[in-house]
Amino acid sequence: MASDAARWNHVWVGTETGILKGVNLQRKQAVNFTAAGQPRREEAVSALCWGAGGETQILVGCADRTVKHFSTEEGIFQGQRHCPGGEGTFRGLAQADGTLITCVDSGILRVWRDNDKEASPDPLLELRVGPGVCRMRQDPAHPHVVATGGKENALKVWDLQGSEEPVFRAKNVRNDWLDLRVPIWDQDIQFLPGSQKLVTCTGYHQVRVYDPASPQRRPVLETNYGEGEDVGGWALIPSPSPGRLLGCLKGLAGSVRGLQCHPSKPLLASCGLDRVLRVHRIQNPRGLEHKVYLKSQLNCVLLSGRDNWEDEPQEPNKVPSEDTETDELWVALEAAAKRKLPDLKQTQRALQTKRRKKKRPGSTSP
Amino acid sequence: MAKSGDKSGGSGKKSLKRKAAIAELQRAAVAEHEATESGVQPPKTAAFPPGFSISEIKNKQRRHLMFTRWKQQQRKEKLAAKKRLKKEREALGDKAPPKPIPKTIDNQRVYDETIVDPNDEEVAYDESTDEFASYFNRQTSPKILITTSDRPHGRTVRLCEQLSTVIPNSHVYYRRGLALKKIIPQCISRDFTDLIVINEDRKTPNGLILSHLPDGPTAHFKMSSVRLRKEIKRRGKDPTEHIPEIILNNFTTRLGHSVGRMFASLFPHNPQFIGRQVATFHNQRDYIFFRFHRYIFKSEKKVGIQELGPRFTLKLRSLQKGTFDSKYGEYEWVHKPREMDTSRRKFHL
């Protein structure tokens, strides 16, 4: 049933020891997947993204410059390819129309053909983005548009099907009140859905919104958040229009390494160096939903965009049964699920009361 | 409430001997009268309304009196109960139920999911390949640089000197107002493995920064209760040059493991048992107590110990992943009092 376990995972997390963990928040279980069966620190996961075909495949970028394909259906690593060139780890991984886009720390962005059979060592396209890249992100609306930014590397938007020059090159803000140049350090970039705008978050506590459609190359909007709080103990939730700081999520004890929002639900998953995966609810009520201790330091997180997080045990009917083996498996699963359903609800309730009980002090007896 | 009524009735009788006797006497006299008259009445009990409590007496002295009487009664009853229990235990002998264990805060510690299971492979792999792996594989031996914050006073300077006698292969350097971020690359180039900075405030050392050098974790501690050698009573002579043994007590959680390994990597891996010296880092309730002793075995089971060396208490404030960089570094753990210290039975190390 490993395949089954792999399928129903809500959150996928990559660690520093090279283990890919699938976490099922309903059952509070985490399953480890490694390519070679043994964790290896050289394969520290540095980037995660969904592969082709819905959310059935995950592309895992490792520190030794290989990109591995992981199938969520079957729960195994299917293949890998080596992506040489440049220095440093992967800062961005994306997938578009059967091609694989990778960007490394030293600024080499390459597009590879994503075919297992012809793992050609030469990339289809290579661009030099500039050294010190911190993030490369793909536009979810236009898969061939990517944005890159980093330390002393201004935000640039590239069209991979277009020319070799960036489509949009951001300009630094004006000199500050002491007439000094403001340093650039774009740590994270995100495309705002529904428009062409991009929002970046810098290492100097600024959040900026850029609009490539407008003739203005400087940021359209800029806000600052708290000075002393870049220890990583909280996550910022910017509100789209007025640029106000909506609030902060507390509870993290270590640096946040990866953040992701759910596309439809008001959920935010965060993982960090304190080895805990947290899922927060952003609106009404704002707070922590789930907290899972995973034993290694976590590098990146990937949320599954499914809406039906609660219906897992009833879903096995959906699977097409062409193979007699899988038929039997699914029949067994259905029976087991029906048996398990009342137990599951009870265990959930027990878990909740257990959690509530734990919060009360002095509850354990010697 | 009836009980207190009874007691107050009883103590009412006793308070006859003390103050406010007149009213009681009169009441008692009246009761006696009634008793002699009716002949069937029970002996005099002061009638208190139900729901009466001692705190409702407005007269402070009488209230205090009643309360002390009540307390003595309670104590007597408690003693009687203990004696009864003891007799029962003796009577039962072997079949007596085991004595109940008293609850302590360490007993009642909230279950921490990060407590490391010794058979856990993932954690074992994590530890075997972390930044201290080269030390634990005997590939590097420690070389420590001890320094202070700028312009240290006498206590701090003496603490540094004493620490350098405790930690073998350590060197004390005066911090001439240099920035730590500039010291660190120089240390790395001269093959130092650890950097200790003792921070000083108002002429007493109050903080410790321990940084493992080739890009290792940096731990920031709050240091308190520092006793130099001359302030330790009944201490032995100065420590010798032998490499001491290390004792790390009670570092159970994952964070505790990391911190314990940091301490262990300060000392060379081969203790010289001839020196009979031992350095102890004892963690209890998130406070780490450092002691340095010399021991001698008087017989197979009896040991005598002499405390040498400085003594201090540490509390972890933050653990940062890289070398010292308080502004832009990535923290693995930060102590946040308002969020983490809400329960008195939850500890992190």
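Every chain is numbered from 1, with letters handed out A, B, ... down the list of sequences.
- B:Glu122 and A:Thr17 are not linked by any side-chain donor-acceptor pair at a separation below 3.5 angstrom, with hydrogens and angles left out of the test.
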Between B:Thr114 and A:Arg275, is the side-chain contact (heavy atoms from CB on, under 4.5 Å) condition met? List the steps.
CA-CA 9 Å; B:Thr114 54; A:Arg275 302 182 171 94; over 6 Å; no

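- B:Lys321 has a carboxylate O that lies under 4.0 Å from a charged side-chain N of A:Glu16, or vice versa, which qualifies the two as a salt bridge.
- For the atom pair CG (A:Leu273) and CG (B:Leu319), the distance works out to 9.5 Å, reported to the nearest 0.5 Å.
- Enclosure of atom NZ in B:Lys222 is not indicated, since only 12 or fewer non-hydrogen atoms of other residues, nucleotides or ligands lie within 6.0 angstrom.
- Residues of residues 129-147 of chain B lying under 4.5 angstrom from chain A, judged on non-hydrogen atoms, are B:Thr129, B:Asp130 by number.
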Quick one, B:Glu113 with A:Lys291, criterion side-chain contact (heavy atoms from CB on, under 4.5 Å). Give me CA distance, side-chain angles, the key distance, then yes/no.
CA-CA 11 Å; B:Glu113 54 189 356; A:Lys291 182 169 106 156; 4.1 Å; yes

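- Residues A:Lys295 and B:Asp126 are not paired through a salt bridge, judged by the lack of any N-O separation under 4.0 Å between the basic side chain and the carboxylate.
- Residue A:Glu87 qualifies as open at atom CD: its count of foreign heavy atoms under 6.0 Å is 12 or below.
- For CZ of B:Arg89, the number of neighbouring non-hydrogen atoms (other residues, nucleotides, ligands) closer than 6.0 Å is greater than 12.
- The environment of B:Asp191 atom CG is sparse: at most 12 non-hydrogen atoms of other residues, nucleotides or ligands sit within 6.0 angstrom.
- Enclosure of atom CD in A:Glu42 by more than 12 non-hydrogen atoms of other residues, nucleotides or ligands within 6.0 angstrom is indicated.
- Remark: the backbone N or O of A:Arg41 is paired with a side-chain donor or acceptor of B:Tyr125 at under 3.5 angstrom.
- One distance of note links OH of A:Tyr293 with CG of B:Asp112; it measures 8.5 Å at 0.5 Å rounding.
- Around atom CZ of B:Arg317, no more than 12 heavy atoms belonging to other residues, nucleotides or ligands sit under 6.0 Å away.
- Applying the 6.0 Å contact sphere to CZ of B:Arg338 captures no more than 12 heavy atoms from other residues, nucleotides or ligands.
- Partners of B:Asn283 by side-chain hydrogen bond (donor to acceptor under 3.5 Å, both in side chains), not counting sequence neighbours: none found.
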